[in-house]
Amino acid sequence: MVKIGVLISGGGTNLQAIIDGCENNTIKGNVKVVISNKEDAYGLQRAKNHDIKAIFEKEEDKIIQILKENEIDLVVLAGYLKIISPKLVNEYRNRIINIHPSLIPAFCGKGYYGEKVHQGVIDYGAKVTGATVHFVDEGADTGPIIMQKTVEVKQDDDSKKLAARVLKVEHEILTKSISMFCENKLTVDGRRVYIND
Ligand code: GRF
């Protein structure tokens with residue numbers, strides 16, 4: 001079984017989707033540790049509810065140490081609001097997965113996180129948005145894309161309503177991407193990710 005480490009900063013609904021996927025066996029893996037850079041992140045409570053190690057840690061060197069101690073095979077950034085260092089990227093090349101709530105390369109990178117993403121979509125007048133799962137490289141939201149799924153922008157949307165619809169799609173494609181990783185169905189070739197489903 002693939003040992004998964006999840007990094008969070010907030011409520012952890014993506015984390016919950018991963019935990020549920022492992023428990024119902026759609027993900028052939030186990031969440032061994034959850035690490036948050038925010039002490040009050042509810043995602044830490046979600047981990048404790050499932051007897052999963054939950055650690056508040058901001059120092060990246062200590063985070064790497066925790067990942068190594070737990071023999072983590074796959075790192076998932078699930079609502080983790082920090083750019084990780086080249087050191088961590090190198091330690092886990094093409095073994096770090098991130099979820100972003102837009103169709104990368106639109107509405108991503110510096111300053112685009114959480115509600116700001118959806119407000120940007122609405123302010124721009126975009127008709128379609130969505131979510132993206134990608135491997136993490138040295139940039140912000142720039143690594144090879146694994147999966148994307150679209151979400152229609154409705155005329156009466158505000159950022160909260162749109163965020164809620166996109167969040168459901170995040171859970172769906174994040175768990176599917178992790179499931180495929182755990183079953184060795186993903187091949188990275190430069191910027192391209194091939195799915196051998
Ligand atoms: C999600 O939209 C995620 O993409 C963003 O933060 C929101 C909440 O994520 N980074 P979660 O509920 O903490 O998983």
Side-chain angles (χ1 to χ4, degrees), residues 4-23 26-27 29 31 33-50 52 54-58 63 74-84 88 96-124 126 128-137 139-143 145-154 157-179 181:
I4 302 168
V6 184
L7 275 54
I8 62 166
S9 299
T13 64
N14 279 288
L15 166 66
Q16 188 65 56
I18 300 165
I19 292 171
D20 295 347
C22 293
E23 290 187 351
T26 50
I27 294 175
V31 179
V33 62
V34 173
I35 305 167
S36 173
N37 65 317
K38 299 279 184 200
E39 194 163 23
D40 60 350
Y42 183 67
L44 289 173
Q45 184 56 51
R46 292 181 189 274
K48 290 171 189 163
N49 295 346
H50 291 264
I52 296 168
I55 300 171
F56 163 55
E57 181 53 65
K58 297 163 82 102
I63 290 174
L74 173 66
V75 180
V76 180
L77 309 183
Y80 187 64
L81 298 181
K82 272 179 79 176
I83 303 297
I84 58 173
L88 178 50
I96 307 174
I97 285 177
N98 183 47
I99 174 77
H100 182 76
S102 78
L103 295 176
I104 291 175
F107 305 104
C108 65
K110 200 159 173 45
Y112 279 111
Y113 55 88
E115 293 279 315
K116 294 176 190 286
V117 174
H118 309 293
Q119 195 55 56
V121 167
I122 289 168
D123 293 348
Y124 195 91
V128 174
T129 186
T132 302
V133 181
H134 64 94
F135 283 115
V136 174
D137 64 8
D141 304 325
T142 54
I145 291 172
I146 301 168
M147 279 187 83
Q148 294 185 296
K149 186 165 183 180
T150 58
V151 172
E152 182 198 356
V153 182
K154 298 185 187 300
D157 270 337
D158 60 19
S159 62
K160 283 202 178 339
K161 283 166 77 173
L162 184 54
R165 263 204 325 283
V166 173
L167 194 54
K168 285 197 179 67
V169 167
E170 292 177 49
H171 299 164
E172 180 191 334
I173 63 172
L174 180 58
T175 51
K176 176 72 179 158
S177 297
I178 293 170
S179 172
F181 178 95

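Counting starts at 1 for both ligands and their atoms, following the listed order.
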Check Glu170 against ligand 1 and report side chain, backbone, both or neither, counting heavy atoms closer than 4.0 Å.
->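 Side chain only; the backbone of Glu170 stays clear of ligand 1.
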Side chain, backbone, both or neither: the part of Ile8 lying under 4.0 Å from ligand 1 by heavy atom |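 Neither; nothing of Ile8 gets under 4.0 Å from ligand 1.
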Whether the side chain of [X] engages the backbone of [Y] through a donor-acceptor N/O pair (distance < 3.5 Å, no angle test) should be reported.
X	Y	answer
Ser36	Ala41	no
Asn98	His134	no
Ser179	Thr26	yes

Check against side chain to side chain contact (heavy atoms under 4.5 Å, CB included), Ile99 and Ile173 = CA-CA 9 Å; Ile99 174 77; Ile173 63 172; 4.3 Å; yes
To which protein heavy atom is [atom] closest, and what is the distance rounded to 0.1 Å?
atom	value
atom 12 (O) of ligand 1	Thr13 OG1, 2.6 Å
atom 13 (O) of ligand 1	Gly12 N, 2.8 Å
atom 9 (O) of ligand 1	Asn14 ND2, 3.6 Å

Consider ligand 1: state whether an atom of it lies below 4.0 angstrom from any non-hydrogen atom of Gly43.
->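 The answer is no: ligand 1 sits nowhere under 4.0 Å from a heavy atom of Gly43.
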Would you mind listing which atoms of ligand 1 come within a distance below 4.0 Å of any non-hydrogen atom of Gly79?
-> 10 (N)
Near Leu167, which atoms of ligand 1 are under 4.0 Å from a heavy atom of that residue?
-> 1 (C), 2 (O)
With distance as the sole criterion, is a donor-acceptor pair present between the side chains of His118 and Thr129 under 3.5 Å?
->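 No - no donor-acceptor pair under 3.5 Å links their side chains.
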Could you check Glu57 against Asn37 for side chain to side chain contact (heavy atoms under 4.5 Å, CB included), going step by step and ending with a plain yes or no?
-> CA-CA 5 Å; Glu57 181 53 65; Asn37 65 317; over 6 Å; no
Does some non-hydrogen atom of the protein lie less than 4.0 angstrom from atom 3 (C) of ligand 1?
->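 Flag for atom 3 (C) of ligand 1 set to true, protein heavy atom closer than 4.0 Å.
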Take Gln16 and His50 through the test side chain to side chain donor-acceptor pair (under 3.5 Å) and record every step on the way to the result.
-> CA-CA 10 Å; Gln16 188 65 56; His50 291 264; 3.2 Å; yes
